[in-house]
Amino acid sequence: MDFDDYQRGALRTAAPRDKKNELLHLVLGLVGESGEVAEKFKKWVRDLDSDEPRLDRAGIAKELGDVLWYVAVLADYLDLSLDDIATANLAKLADRHGRGVLGGSGDNR
Ligand SMILES: [Mg+2]
């Protein structure tokens with residue numbers, strides 16, 4: 001499956017684009033699901049002494065899937081191809097790697 005296939009699949013369970021407040025729903029959903037990923041790690045630290053073999057990988061995978069769904073649907077709302085986003089991201093990182101600036105800060109380094 002490529003990213004655009006995934007994006008088309010995600011849209012089958014998305015609300016209509018013209019639903020009231022849909023853009024805000026998608027942004028908040030992405031933030032919320034990202035928080036659910038962080039919550040898995042919080043519980044791992046709090047309850048499992050950060051013991052890596054006991055990390056809830058299956059649960060984290062589900063939450064990462066939820067993040068991916070919101071990324072895909074939000075991108076579509078903004079008329080952005082998930083495949084294009086992924087390709088551009090890899091190109092950006094490869095360029096930074098080639099120039100030795102992967103570390104550091106600044107969106108446009
Ligand atoms: Mg979730």
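In listed order, ligands and their atoms are each counted from 1.
- The distance from the CG atom of Asp56 to the CD atom of Glu63 is 9.0 Å, given to the nearest 0.5 Å.
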- request: Go through the steps for Tyr6 and Asp83 under the test side-chain contact (heavy atoms from CB on, under 4.5 Å), then give the verdict.
  value: CA-CA 9 Å; Tyr6 177 83; Asp83 213 56; over 6 Å; no
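- Atoms CD and CZ, from Glu52 and Arg57 in turn, are 5.5 Å apart once rounded to the nearest 0.5 Å.
- In this view, Lys62 satisfies the side chain to side chain contact (heavy atoms under 4.5 Å, CB included) rule with no residue, not counting sequence neighbours.
- The Mg ion (ligand 1) lies closest to atom OD2 when only the N/O/S atoms of Asp66 are considered.
- The closest approach of Glu63 to the Mg ion (ligand 1), by N/O/S atoms, is made by OE1.
- With the Mg ion (ligand 1) as the vertex, OE1 (Glu36) and OE1 (Glu33) define an angle of 90°, rounded to 10°.
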